[in-house]
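Just so we're on the same page: letters track the sequence lines, and every chain starts at 1.
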Amino acid sequence: MTTPESPHSENEGAYNFAALEAKWAAYWEEHQPFTIDDTDSSKPRKYILDMFPYPSGDLHMGHAEVYALGDIVARYWRLQGFQVLHPIGWDSFGLPAENAAIQRGVDPKEWTYSNIEQQKTSMKRYAASFDWSRVLHTSDPEYYHWNQWLFLTLYDKGLAYRKDSWVNWDPIDQTVLANEQVLPDGTSDRSGAVVVKKKLTQWYFKITDYADRLLDDLNQLEGRWPSKVLAMQRNWIGRSEGAEVDFVIEGRPTPVTIFTTRPDTLFGATFMVVAPDSDLAAELVADASAAVKEQFAHYLEATQRITEIDRQDAGRTKTGVFLERYGINPVNGERLPMWASDYVLADYGTGAIMAVPAHDQRDLDFARVFDLPVRVVLDTNAPVTGAIPVVTDEMLESGDIPALDPRATGEALSGNGRMINSGPLDGLSKDHAIGRILDLLEETGGGRRAKTYRLRDWLISRQRFWGTPIPILYDSSGAEVPVGLEDLPVRLPESEGLDLKPKGTSPLGAATEWSTVEKDGETFTRDPDTMDTFVDSSWYYLRFLSPKDDSQAFDKKKVEAWAPVDQYVGGVEHAILHLLYARFITKVLFDLGHVSFTEPFTSLLNQGMVILDGAKMSKSKGNVVYFSEELDAYGVDAVRLTMAFAGPPEDDIDWADVSPVGSQKFLARAWRLSGDVDSSPGIEFGNGDAALRRHTHRFLADVPGLIESFKFNVAVARTMEMVNHTRKTVDQGPGGSDAAVREATEAIALALSLFAPHTAEDMWERLGHEPSVALQRWPDADHTLLVEDSVTAIVQIDGKLRERLEVSPMIGGDELKALAMETPGVKRSLEGKTIVKVIVRAPKVVSIQTTS
RNA sequence: GCCCCGGUAGCCCAAUCGGCAGAGGCAGACGACUUAAAAUCGUCCCAGUCAGGGUUCGAGUCCCUGCCGGGGCACCA
C-alpha cells in the first residue's frame, strides 16, 4: 500500500534486510571484491588477521563479534587506499573435533570438513570481507606437511627434544597436556578432568631458551597490545633474579646448587630442602637408614598421588622426611640438615633450596612443624633510610614494638631493614646486602648471579589421532631417526578400522601398517603421537601469504612484502598460549634467517565475550543466543552494527543490554536517506547547506582517528549523529535536492560500509553510484570547513562558572580577558573582591582568582 | 598475598592537552501523522562522575588511601 502524500515512500519500498542480503551476497560472490593481487605494489599494504576458528559446529555469537570487529579494521584500511590482506582459514586439527567425532561415530575428517563448510557459509552470509582465494585448513596434508618441516627444523637446531619426565595427564581425554592447558584449579582446560602426573617420554620444544627474549621483547609491544595481555605474558614467563649458591654435601663429591632470590639471608639458613620427586632426593636417600628409606618411599608415593588442587592449598600443613644428610653453608660453614618436602618443586630452580625460616613463610611453617631452628638475620625494626623510623616514639612508649620472633609469632619477617647475625653483611640494608653477597659469592666461587623462570619447555606430544604426525622414526634399538624432508608429509592413515577412543596410547600406534616403515632392509617404527595443535597455529599467519605453495612452508618474498601482521584480532583467551607460542616460533624462524622480524603481531585487539544477563552463555544454563537466529531476526547488518556499537571492543557485551532492533531501525533510517537525495552523482558540493557541510567534514575528519583507536562505538554514534543532522536538513531545511544532503549521505554510506555492508552498498547504488562502496576512497575533510565561526568561552571566578561568551576562535588572550571583565555576570561577582590572579586560555577559558 | 583493568543518567556508553559533565543509543513521557494502531517524524525528562584526602586558578581526567566489580598469577624459593 502506498501513501502518495508521504515524502519518504515514493515507489522505493521499505528497508528489507533479507532482500538486501540476498542481492549483495550474490554480487560479492560473483565479483569477489576482496580477492587481492598480492604482487601489486602500487598501494601501501596492510595485513589484517582474525584468529581462525575451530570447526566445532556452527559459528556462535563470539565469532560474530570477532569477525565483525576484524572486518571493520580491514574495510577501513581499504577505504584508506591500502591493499588489504584479510585471509581466513580453519584450525581444523584437535581434540574438540576428534571427541565430537568419537561421540557421533563418524570419521573426524568428514565431520571436520562438513563443519568447515557450514562455517564458511555462515561467514559469507555474515559478509566478512575475506580473500576467499587463500583459505587454508591445518588438517590438510598440504598444510601439516610444513608443520612437520617446522618440527624437523627445530629438531635440527636442538630445539625439539625428547625427555622422560612427569607430565600432566588428562584421565578423561587420555592424553598429556601442556602446563598452559592446566587451569589454576588443577583441571584440564578442555575436559575439566582433574589432571594427574604421569611419567612419560615426550617431545618438547625448547621455549625456555627464548624466555629472556620473549619477556624483554614485550616492551616493544607496549601500547600496541593490551596491557592486560602483556602483564599475563610477563607473569607466565615469570623471571626471577637471584643467585645460585653451591652447598657442599657431606659424603658427596660434588656440591648441590640451590637457587634463591634472597641471597642476603644466606646467614639465616638453618636447613635445606629438596623436592621429593627429584633425582637428587633419590640419590641422597640411597645411603640413609632402612627406616628413612622406607619413610621416603612412602612420602614420594604420596607426593605423586596428590592432585594439583591439593598441592595448591597453601594452608596445608607442611610435611617432609629427614634424609639423614647434611649440607655445609658456604658462608659460615654451618651444618644444615637436609629434608625432602613437597613444597619444593623438582622442576623449578634446581629442585633444592636453602631454608631461611625467619624470612620465608613456607620455610617457617616447615620449621615450626619439625622444630627446626629459626635465626633472624634482618632486623625489620631498624630504619633503612635513617630518616624514617620504623619504630616510632609512640610505639616505644606503649611498648608496642613488633616482635622479631617469627618462631613464636608464626609470621616470617619479609620487610626491609638492617642485616644482623650476618658477618660481613651486618648493618647493610636488604638491597645493599644482596649486592654485597653476590659479589662475595662470585669472588669466592661459591655462587653466582642467576635467573630462573616459571616458564617450562613446551610439551608438544599428544596421544591422539586427529593431529599432525610427529615425523620421527625409531630404529630397532629405539634411536630417533628424523624423517627426511623429501619424505614429507607423513600423512595420517585413514581412521577406518582404528579405535579412536582414548586409551592412553595414540591410536596411530595401533595402525601397524602405517607405523611400520621398511627402509634399506631395516625396520623402523613411527612415533605414534601427534603434535599439539598450538604448533599448527604458531605460524599459520605466514602460510596465508602463499597458501598453495607446495615447495616451501612460506614464500620469503611474500613474507618480506606482507609480514608481520599489522593488526591481529581475537579473544583474550589466547593471551598466553597461542600468542606466546607464535612469538616463540617467530623468533626461532628469525634466528634461522627465514623471517626478518622478531614479533609476529604488531598490534593486537582483544574483543570481549558476548554474554547474556551477566553470565557466560552455556547450553547447560540455557542462556544461549544463537548466531543464525539473531541473523534471521534482525539481519546481518544489524547484528554487526550492534557488536560495534555496544561499547569498547575489549569489554564484554551483554546481549540483554544492547538492542539489535535499535540497530535495525537506525539502518533503515540511514537507508531511507539515500532515497531522499534529489541530486545527481558528481554534483558540486560547494553550494550546499553550510551547516550540514560543516557537520559532514567534521565527521570525515574524526572517523579515521576513532577507527584507528578502536573506538568503533563512538564512530557509530557519530554516524547516527550524521544521520540525524541530514534528516533534519531534508525535512526542515533546504530539502533533499541540496548538494550538502548528497555529500552527507555519501559520507554516511561510506562509514556504514565498515559496519553494515549490505545497507551501505544499497545506499551507494541508490545514490546513483556503481558498486562497490567497499572499494571507494574515504574523502579528505576540507579543513576550511572545520573552522568554527565562533566558540563559547567560559569565565570562572574562584572555580565557579560565572559567564559564557561567544567569541571568535582566533581571539587573543588580552582581548578575551577584556571582554570577560566587561560582562555583567563577572562585574557582579567581582564586587567587593580583589583579583589575585587571572588565567586566560584563549579562546576557551578565563579563570579569575580573588580574595574576598 | 602480588599484578592488570574498570566504577559517569534507570540501563549500555561518550567526554584530544586537566578547561561548560552529555555525543549516540536503549527504556520512559509527550506531540505530529493515522478512523485506529504500527511504522515514521519531532520535543522532552534524568546524573555532578564509587567514597575520602591531595595537587591545581580549574579534576570525571593527575597523585595517595579505601570500597566495589572483572581478570591474571600464586607453596616458584
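- Closest approach to the A:D657 side chain among B:C41, B:C12, B:A23 is made by B:C12 (side chain taken as heavy atoms from C-beta onward).
- Judged by distance alone with a 3.5 Å cut-off, a donor-acceptor contact links the side chain of A:S847 to the base of B:C57.
- Between A:T452 and B:C76 there is no side-chain N or O to OP1 or OP2 distance below 4.0 Å.
- Looking only at distances, a side-chain donor or acceptor of A:Q233 sits under 3.5 Å from a matching main-chain atom of A:A575.
- The separation between A:E650 atom CD and B:G70 atom C1' is 13 Å, rounded to whole Å.
- By the 30° and 60° cut-offs, the orientation of the rings of A:W458 relative to A:Y581 is parallel.
- Between A:D731 and A:R727 there is a salt bridge, since at least one side-chain N of the basic residue sits less than 4.0 Å from a carboxylate O of the acidic one.
- In this structure, A:F366 and A:F370 have tilted ring planes: the angle between them lies in the 30° to 60° band.
- Side-chain N/O atoms of A:K728 include one lying less than 4.0 angstrom from OP1 or OP2 on B:U43.
- For A:K228, counting side-chain heavy atoms from C-beta on, the closest listed nucleotide (B:A77, B:G25, B:G71) is B:G71.
- Minimum atom distance to the side chain of A:V344 is reached by B:A77, of the listed B:C73, B:C57, B:A77.
- Counting only heavy atoms from C-beta on, A:M232 has its side chain closest to B:G72 among B:C13, B:G72, B:G25.
- Note on A:R672: every side-chain N or O is 4.0 Å or more away from OP1 and OP2 of B:A39.
- A donor-acceptor contact under 3.5 angstrom links the side chains of A:D637 and A:T759, judged on distance only.
- When the side-chain nitrogen and oxygen atoms of A:R234 are compared with OP1 and OP2 of B:G72, none of them lie within a distance under 4.0 Å.
- Comparing B:A77, B:A23, B:C73 by their nearest atom to the side chain of A:L345 picks out B:A77.
- With hydrogens and angles ignored, no donor-acceptor pair under 3.5 angstrom links the side chain of A:Q732 to the base of B:G42.
- Which of B:A39, B:A77, B:C57 sits closest to the side chain of A:I839 comes down to B:C57.
- Nearest nucleotide to the side chain of A:I576, out of B:G24, B:C73, B:C57: B:C73.
- Listed candidates were B:C76, B:C57, B:A14. Nearest to the side chain of A:R454 is B:C76.
- Atoms CZ (A:F666) and P (B:C12) sit 22 Å apart, rounded to a whole Å.
- Residue A:R727 has its side chain nearest to B:C41 when only B:G19, B:G72, B:C41 are considered.
- Taking the nucleotide of RNA chain B with the nearest heavy atom to each of A:T792 and A:V658, the more 5' of the two is matched to A:V658.
- B:C45 shows a glycosidic angle more than 90° from 0 and is accordingly assigned anti.
- Here B:A77 is the nucleotide among B:G58, B:C5, B:A77 with the atom lying nearest to any side-chain atom of A:I353.
- B:G28 adopts an anti glycosidic conformation, its chi angle falling more than 90° from 0.
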